Amino acid sequence: MTNNGSISDTITGTTGTTGTTGDTVLVLGGSGKTGRRVAALLAERGVPARTASRGGATRFDWLDATTWGPALDGVTAVYLVYLQDLGSARAPGHIEEFLRLAKERGVARVVLLSARDWPAARPVEDAVRASGLGWTILRPTWFAQNFSEDMFLPYLQAGELRLPTGDGREPFIDAADIAEVAVAALTDDRHHGESYDLSGPRPMSFGEAVAAIAGATGRDLRYTPVSHQEFRADLVAAGLTEADAGIVDGLLRTIEEGSSAYLSDGVRRVLGREPRDFGAFAARAAAEGAWRV
């Protein structure tokens, strides 16, 4: 990918870029962690973007195919986020059908948000590769923003994060880095046919992550290791189904086992710089009031 370290350089380069030609990018999951950042970066660079979600001005629902065509009108590129379950049995079929329609409507490229170390997502990735479109696949690690925007936020606001991850480590990635990489892939033909594994700059335990947030906020925050059984019970008590609780528990188990405690070079290959550090993320989010109670 690019070797320059700035989005503007990626977009305004002279070889194989869309620049600001008036092409419209459809951003699925437009209100999500990466989608809204992708849309904002495209707007900053003068690239027209249409954000779509189940409740947005442009309605898009993976479970309602009648919403797909209107969202694709006039679009030449798609940032593809599958908000159901990328590893589900129905996901490849949905993706194949959607991309078939997208190609018919004149879409030329697609950037898929997948996940690192998730074999269940490979059938969807295969469907993207077989679509006949210019494609790029992004495989990030766990988002730093899981601590500040939804998944772990209520627990941190209450002062304690209880997880079955032990001392397992994960190189959490800032969603802002994912968005920059996605914009590069959406606007530069040099990224066609590439799959990029994305991680932060250092593996961290959840205890270290919570300590960094405590330091940034000045609050007494705790990480408490619990058993998988206790964790699933906590999730069910919070309103998740047994099945969904099992999925989340299974994803965290890979961290506990240490299989994800390694770095990937995708951010550096695309942007020409190291990824943002978790400490910088925590300081920024704290200043924005993420964990204020």
Side-chain angles (χ1 to χ4, degrees), residues 18 21-115 118 120-140 143 145-146 149-151 175-176 178-187 191-192 244 247:
T18 59
T21 62
D23 296 337
T24 297
V25 177
L26 174 64
V27 180
L28 300 181
S31 60
K33 295 185 190 73
T34 63
R36 69 176 188 273
R37 290 174 169 87
V38 167
L41 283 174
L42 290 169
E44 286 177 13
R45 303 312 191 259
V47 179
R50 176 183 304 152
T51 60
S53 62
R54 282 176 291 191
T58 298
R59 183 170 175 267
F60 186 93
D61 187 341
W62 281 107
L63 302 181
D64 181 1
T66 65
T67 66
W68 302 357
L72 286 165
D73 283 345
V75 164
T76 56
V78 176
Y79 179 60
L80 199 163
V81 180
Y82 188 77
L83 292 179
Q84 305 303 312
D85 177 3
L86 200 64
S88 68
R90 65 187 175 187
H94 278 166
I95 299 299
E96 289 173 3
E97 185 180 351
F98 172 76
L99 292 180
R100 188 181 309 114
L101 178 62
K103 187 176 181 181
E104 291 172 359
R105 295 294 183 96
V107 171
R109 69 178 72 190
V110 57
V111 175
L112 171 69
L113 181 67
S114 186
W118 194 13
R122 297 304 179 257
V124 165
E125 295 184 5
D126 291 342
V128 169
R129 292 189 186 94
S131 66
L133 302 176
W135 57 265
T136 307
I137 295 171
L138 309 183
R139 301 190 188 117
F143 298 0
Q145 279 73 11
N146 285 336
E149 295 187 12
D150 53 24
M151 191 172 188
I178 301 171
E180 286 196 30
V181 171
V183 168
L186 286 163
T187 57
H191 304 302
H192 284 189
D244 287 342
I247 290 172

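Being a predicted model, the structure only gives us computed values, none of them experimental. Quick note: numbers below take in every heavy atom, side chains included, and nothing from hydrogens, waters or symmetry partners.
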How close do Pro70 and Arg50 get, heavy atom to heavy atom, and via which atoms?
-> O-NH1, 3.9 Å
Taking only Lys NZ, Arg NE, NH1 and NH2, and the carboxylate oxygens of Asp or Glu, determine whether Arg100 and Glu97 approach each other closer than 4.0 Å.
-> no
Walk me through it: do Asp23 and Val47 pass the test side chain to side chain contact (heavy atoms under 4.5 Å, CB included)?
-> CA-CA 7 Å; Asp23 296 337; Val47 179; 5.9 Å; no
Work out which heavy atom in Leu186 is nearest to a heavy atom in Val111; give both atom names and the distance.
-> CD2-CG2, 3.6 Å
How are the rings of His94 and Trp62 set relative to one another: parallel (under 30°), tilted (30 to 60°) or perpendicular (over 60°)?
-> parallel
Step through the shown structure and confirm whether more than 12 heavy atoms of other residues, nucleotides or ligands are within 6.0 Å of CZ on Arg122.
-> yes
Kindly write out the residues that satisfy side-chain hydrogen bond (donor to acceptor under 3.5 Å, both in side chains) with Asp150, not counting sequence neighbours, or none if the list is empty.
-> Lys33
Does the pair Thr187 and Val25 meet the rule for a side chain to side chain contact (heavy atoms under 4.5 Å, CB included), with working shown?
-> CA-CA 9 Å; Thr187 57; Val25 177; 5.5 Å; no
Spacing of Tyr79 atom OH and Thr51 atom OG1 [to the nearest 0.5 Å] = 13.5 Å
With a 6.0 Å cut-off on ring centres, are Phe60 and Phe98 close enough?
-> yes
Sub-3.5 Å donor-acceptor pair from the side chain of Ser114 to the main-chain atoms of Ile137, do we have one?
-> no
What pair of heavy atoms forms the shortest contact from Arg37 to Ala179, and how long is it?
-> CB-CB, 3.6 Å
Atom OG1 in Thr136, atom CG in Leu113: separation rounded to 0.5 Å?
-> 12.5 Å
Got a second to check how far Ile95's CD1 is from Leu86's CG, nearest 0.5 Å?
-> 6.5 Å
Between Leu133 and Val78, does a side chain to side chain contact (heavy atoms under 4.5 Å, CB included) hold up when you go through it step by step?
-> CA-CA 10 Å; Leu133 302 176; Val78 176; over 6 Å; no
Mind running side chain to side chain contact (heavy atoms under 4.5 Å, CB included) on Leu83 and Leu28 for me, showing each step along the way?
-> CA-CA 9 Å; Leu83 292 179; Leu28 300 181; over 6 Å; no
Side chains of Phe143 and Ile178 in contact at under 4.5 Å (non-hydrogen atoms) | yes
Nearest heavy-atom neighbours spanning Leu26 and Ala52 = CD1-CB, 3.8 Å
Closest non-hydrogen contact found for Gly69 with Arg105 is O-NH1, 3.0 Å
Go through the structure and list residues passing salt bridge (Lys or Arg N to Asp or Glu O under 4.0 Å) with Asp126, not counting sequence neighbours.
-> Arg129
Please round to the nearest 0.5 Å and tell me the distance separating atom CG of Leu138 and atom CG of Leu112.
-> 7.5 Å
Over all heavy atoms of both residues, which pair between Glu96 and Ala127 is shortest? Give the atoms and the distance, please.
-> CG-CB, 3.6 Å
